[in-house]
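These notes concern the structure reproduced below.
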Amino acid sequence: MSLIVRVAGRGEGVTADGRHVALAAPGDTLTNAGEVIPGPHHQLPPCRHFPECGGCQLQHLDDVSYATFIADRIAGALAAQGLTTEIRPTLLSPPRTRRRATLHAEGRGGRVQLGFTAQASHAIVDMHECHILHPQLFALVAPLRKLLARLGLKRRADVHLTLSAQGPDLLITGLTADGLAAAEAITAFAQAHKLARVSLDDGLGPETRWEPQPVTIALSGTPVPLPPAAFLQATAEGEAALVAAVREATGGAATIADLFAGLGTFALALPGRVYAAEGARDVVLALKAAAAQRPIFTEHRDLFRRPLTSAELDRFDAVVIDPPRAGAREQVAQLAASRVARLAYVSCNPSSFARDAKTLCENGWRLDWVQPVGQFRWSTHVELAARFSRQPSP
């Protein structure tokens with residue numbers, strides 16, 4: 001008999017002697033025959049599609065063990081780089097709050113399958129319930145099957161769903177739907193289900209087929225134009241948690257640089273003057289339009305090829321950085337050499353974050369705290385916000 005003591009990065013339970021066990025939670029018991037006896041943190045998964053569906057990996061964990069898993073992922077990544085710091089309690093988004101998701105669709109024998117892919121597979125799990133999607137988005141799944149079948153979907157397509165201020169925003173990539181009948185079917189579907197927009201992308205970029213009024217998303221109370229399938233924090237609760245951490249980390253600085261700014265999730269929430277740099281042209285134009293009456297200067301800039309130099313960074317009291325999963329090695333090297341006093345680092349990858357944190361800490365910075373955020377409910381995906389500050393010179 002062995003006790004499950006933790007959950008590994010890919011979601012398996014781990015015994016004290018290092019054995020990995022699928023679908024086991026901390027406190028479960030592994031018998032000598034290989035059977036898992038549920039313990040106090042093992043809950044009954046709420047969804048019929050678990051564990052086949054790849055949308056969730058950890059529905060068998062209760063909230064306490066799931067929150068601990070997220071914090072442990074961060075602590076483990078930091079420890080691998082020889083770092084420690086205060087790790088705050090994890091902030092979890094509730095079930096059924098995901099406001100953006102990408103589903104996969106495929107037509108077979110006149111019937112369309114639509115859902116997430118199976119674990120470690122390209123096979124589509126045909127979705128009939130979901131405990132992570134916002135109800136307004138899940139309500140579209142069954143009607144979308146009928147629409148895609150009517151449009152003659154035969155090959156693979158991706159269905160991008162986003163909940164905008166005007167309602168659900170739909171982008172289908174990999175689908176060609178020409179002709180009057182297709183146009184009428186799309187319009188009727190959009191009207192019947194009160195969609196904010198419908199766009200199709202057959203490989204040449206999104207083409208809007210329905211948009212009765214400009215589609216926006218509210219960020220810190222400011223309406224921002226929303227390009228099709230633009231990046232958005234997965235839940236409103238997750239966004240609020242990250243914004244609060246960034247505001248605390250920057251401490252009311254008068255001049256702030258927001259790097260990898262996106263649509264302005266942080267730039268629009270910050271006081272003082274903000275410089276916002278972003279590499280996606282449509283996104284930075286959306287932020288520029290939204291910030292027209294605010295002291296926010298936007299720049300279309302590829303921060304991987306042309307990071308802000310240490311001299312440019314020295315003009316700011318604080319910096320916010322929210323890079324993609326790969327981290328920001330080039331930009332962090334310039335930050336390490338700068339005289340910036342405060343840094344808020346938002347990350348969706350504990351490993352690349354820890355690597356960048358080590359670079360900063362080796363060059364005079366201190367990692368003050370990390371705020372874990374669990375907005376990808378029941379998945380192994382981890383988000384965080386952290387504060388770095390300059391250590392005084394000896």
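Position 1 is the first residue of the sequence, and the numbers go up from there.
Between Phe260 and Phe304, the distance separating the two ring centers is shorter than 6.0 angstrom.
Checked for salt-bridge contact, Asp169 and Arg99 miss the test: no charged N lies under 4.0 Å from a carboxylate O. Salt bridge absent: Asp126 and Arg108 never bring a charged side-chain N and a carboxylate O closer than 4.0 Å.
Counted within 6.0 Å of CZ on Arg294, heavy atoms from surrounding residues, nucleotides or ligands total more than 12; the atom is thus considered enclosed. Applying the 6.0 Å contact sphere to CZ of Arg156 captures more than 12 heavy atoms from other residues, nucleotides or ligands. Residue Arg301 places its CZ atom among more than 12 non-hydrogen atoms of other residues, nucleotides or ligands, all under 6.0 Å distant.
Aromatic ring orientation, Phe297 versus Tyr275: parallel (interplanar angle below 30°, classes split at 30° and 60°). Note: His193 and Phe189 have tilted aromatic rings, judged against thresholds of 30 and 60 degrees for the angle between ring planes. In this structure, Tyr345 and Phe388 have tilted ring planes: the angle between them lies in the 30° to 60° band.
The two atoms that bring Ala328 and Asp356 nearest to each other are N-OD2, 3.1 Å, heavy atoms only. Nearest heavy atom pair, residue Phe69 against residue Ala8, reads CE1-O, 3.1 Å. Of all the heavy atoms in Pro372 and Arg88, the pair that sits closest is CD-O, 3.1 Å.
Checking each of Gln59, His49, Arg96, Arg98 against His131 for a side-chain hydrogen bond (donor to acceptor under 3.5 Å, both in side chains) leaves exactly one that passes, namely Arg96.
Expressed to the nearest 0.5 Å, how far CZ of Arg315 lies from CG of Leu308 amounts to 7.5 Å. Here the CG atom belonging to Asp62 is positioned 10.5 Å from the NE2 atom belonging to His60, to the nearest 0.5 angstrom. Taking CZ of Arg155 as the start and CD of Glu106 as the end, the distance is 11.0 Å to the nearest 0.5 Å. Taken from CG in Leu384 to CD1 in Ile74, the straight-line distance is 4.5 Å, to the nearest 0.5 Å. Distance NZ/Lys288 to NE2/His300: 12.0 Å, rounded to 0.5 Å. Within the model, atoms CG of Leu175 and OG of Ser199 stand 12.0 Å from one another, a figure rounded to the nearest 0.5 Å.
Contact annotation: the side chain of Leu83 approaches that of Lys358 to within less than 4.5 Å [non-hydrogen atoms, C-beta and beyond]. The shortest side-chain heavy-atom distance between Thr173 and Thr102 does not fall under the 4.5 Å cut-off. At least one side-chain heavy atom of Asp322 sits less than 4.5 Å from a side-chain heavy atom of Gln233. You'll find the side chain of Leu144 stays beyond 4.5 Å of the side chain of Leu103, heavy atoms only.
Side-chain atoms of Gln166 and Gln213 form no donor-acceptor pair, as typed in the model, at a separation below 3.5 Å.
For Ser352 (side chain) and Arg325 (main-chain N/O), a donor-acceptor pair under 3.5 Å exists by modelled atom type. Looking at Arg377, its side chain does come within 3.5 Å of a backbone N or O of Ser93 through a donor-acceptor pair. A donor-acceptor pair under 3.5 Å links the side-chain atoms of Arg342 to the main chain of Thr250, judged by distance alone.
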Pair Arg366, Ser389 - check side-chain hydrogen bond (donor to acceptor under 3.5 Å, both in side chains), show working. CA-CA 5 Å; Arg366 179 181 62 241; Ser389 57; 3.0 Å; yes
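Hydrophobic clustering keeps Val274 apart from Leu259 (ILVMFWY residues linked when any side-chain heavy atoms are closer than 4.5 Å, directly or through intermediates).
Scored by the salt bridge (Lys or Arg N to Asp or Glu O under 4.0 Å) test, Arg19 finds Asp17 as partners (sequence neighbours excluded).
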